[in-house]
Amino acid sequence: QVQLVESGGGLVQAGGSLRLSCAASGRTFSIYAMGWFRQAPGKEREFVVAVTQSGGSTSYAASVKGRFTISRDDAKNTMYLQMNSLKPEDTALYYCVAGSYYSDTYPPLQSAYWGQGTQVTVSS
């Protein structure tokens, strides 16, 4: 069992930046691929980004590529999402996810555990 707790969400103006964090507890953090999904009001949940167990490979949704950066610190059992050049369409509830990574599927992260989410709101 893995418990995931997100933090770092908030209200920011378009063009601004936020850094989300996901702290994990329970089973060994390093055995899981990690990532983020998001869900905007009235829309389906969508994949944002994933990183492999080793941190050596990442996969980004086209809508965030070049603006968002995922990283992980296994010593701290924490994953981060640096979000730059934010747009109003990035407004959503962002979920931290732990699971398995399959590079030949999309999304590549098959989820096993979810956090409760942290709200990101980008004003125009």
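Hydrogens, waters and symmetry mates are skipped; everything else that's a heavy atom, side chains included, is used. When a residue number appears, it is its place in the shown sequence, counting from 1.
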J.: Quick check: does any side chain N or O of E6 sit under 3.5 Å from a backbone N or O of C22, one acting as donor and the other as acceptor?
T.: no
J.: If only atom types and distance count, is the side chain of E89 paired as donor or acceptor with the main-chain N or O of L86 below 3.5 Å?
T.: no
J.: Taking the side chain as every heavy atom from C-beta outward, state whether M34 and L4 have any pair of such atoms under 4.5 Å apart.
T.: yes
J.: In Å, rounded to the nearest 0.5 Å, how long is the span from CD of Q39 to CD of E44?
T.: 8.5 Å
J.: Let me confirm one number: the OG-CZ distance from S111 to R45, rounded to the nearest 0.5 Å.
T.: 8.0 Å
J.: Would you call the rings of Y94 and F68 parallel, tilted or perpendicular, taking 30° and 60° as the class edges?
T.: tilted
J.: Should P108 and Y102 count as side-chain neighbours, where that means a heavy-atom distance under 4.5 Å?
T.: no
J.: Rounded to the nearest 0.5 Å, what separates atom NZ in K65 from atom OG in S59?
T.: 7.5 Å
J.: Using 0.5 Å steps for rounding, measure from the OH atom of Y32 to the OG atom of S100.
T.: 8.0 Å
J.: Using 30° and 60° as the class limits, which term best fits the ring planes of Y95 and W114: parallel, tilted or perpendicular?
T.: perpendicular
J.: Taking all heavy atoms of W36 and all of S21, pick out the closest pair and write down the distance.
T.: CH2-O, 3.7 Å
J.: Do L11 and L93 land in one hydrophobic cluster if side-chain heavy atoms of ILVMFWY residues count as linked below 4.5 Å?
T.: no
J.: Hey, quick one: are V12 and L81 part of the same hydrophobic cluster, counting side-chain heavy atoms closer than 4.5 Å, chains of contacts allowed?
T.: yes
J.: What's the separation between atom CZ in R72 and atom CG in N77, rounded to the nearest 0.5 Å?
T.: 9.0 Å
J.: Could you tell me if the side chain of Q1 sits less than 4.5 Å from the side chain of Y113, heavy atoms only?
T.: yes
J.: Counting only N and O atoms by type, is there a donor-acceptor contact under 3.5 Å from the side chain of T91 to the main-chain atoms of V122?
T.: yes
J.: Using 0.5 Å steps for rounding, measure from the OG atom of S124 to the CD atom of Q13.
T.: 9.5 Å
J.: So which heavy atom on G9 is nearest to which on V120, and how close?
T.: CA-CG2, 4.2 Å
J.: Would you kindly confirm whether V51 and V2 end up in one hydrophobic cluster when ILVMFWY residues are joined by side chain heavy atoms under 4.5 Å apart?
T.: yes
J.: Shared ILVMFWY cluster between F29 and V97, side chains joined below 4.5 angstrom?
T.: no
J.: Carefully, step by step, assess R38 and S63 under the rule side chain to side chain contact (heavy atoms under 4.5 Å, CB included).
T.: CA-CA 12 Å; R38 67 185 182 186; S63 59; 3.5 Å; yes
J.: With hydrophobic residues grouped by side-chain heavy-atom distances under 4.5 Å, do L20 and V64 end up in a single group?
T.: yes
J.: So for atom CD, which belongs to Q82, do other residues, nucleotides or ligands contribute more than 12 heavy atoms lying within a distance under 6.0 Å?
T.: yes
J.: Side chains of Y60 and I70: closer than 4.5 Å at any heavy-atom pair?
T.: yes
J.: Where the side chain of S30 meets the backbone of D74, is there a donor-acceptor pair that is under 3.5 Å apart?
T.: no
J.: Which heavy atom of S85 sits nearest to which heavy atom of S17, and what is that distance?
T.: N-OG, 4.4 Å
J.: Which pair of non-hydrogen atoms, one from A61 and one from F47, has the smallest distance, and what is that distance?
T.: CB-O, 3.5 Å
J.: Does any part of the side chain of R67, heavy atoms only, come nearer than 4.5 Å to the side chain of D90, both counted from C-beta?
T.: yes
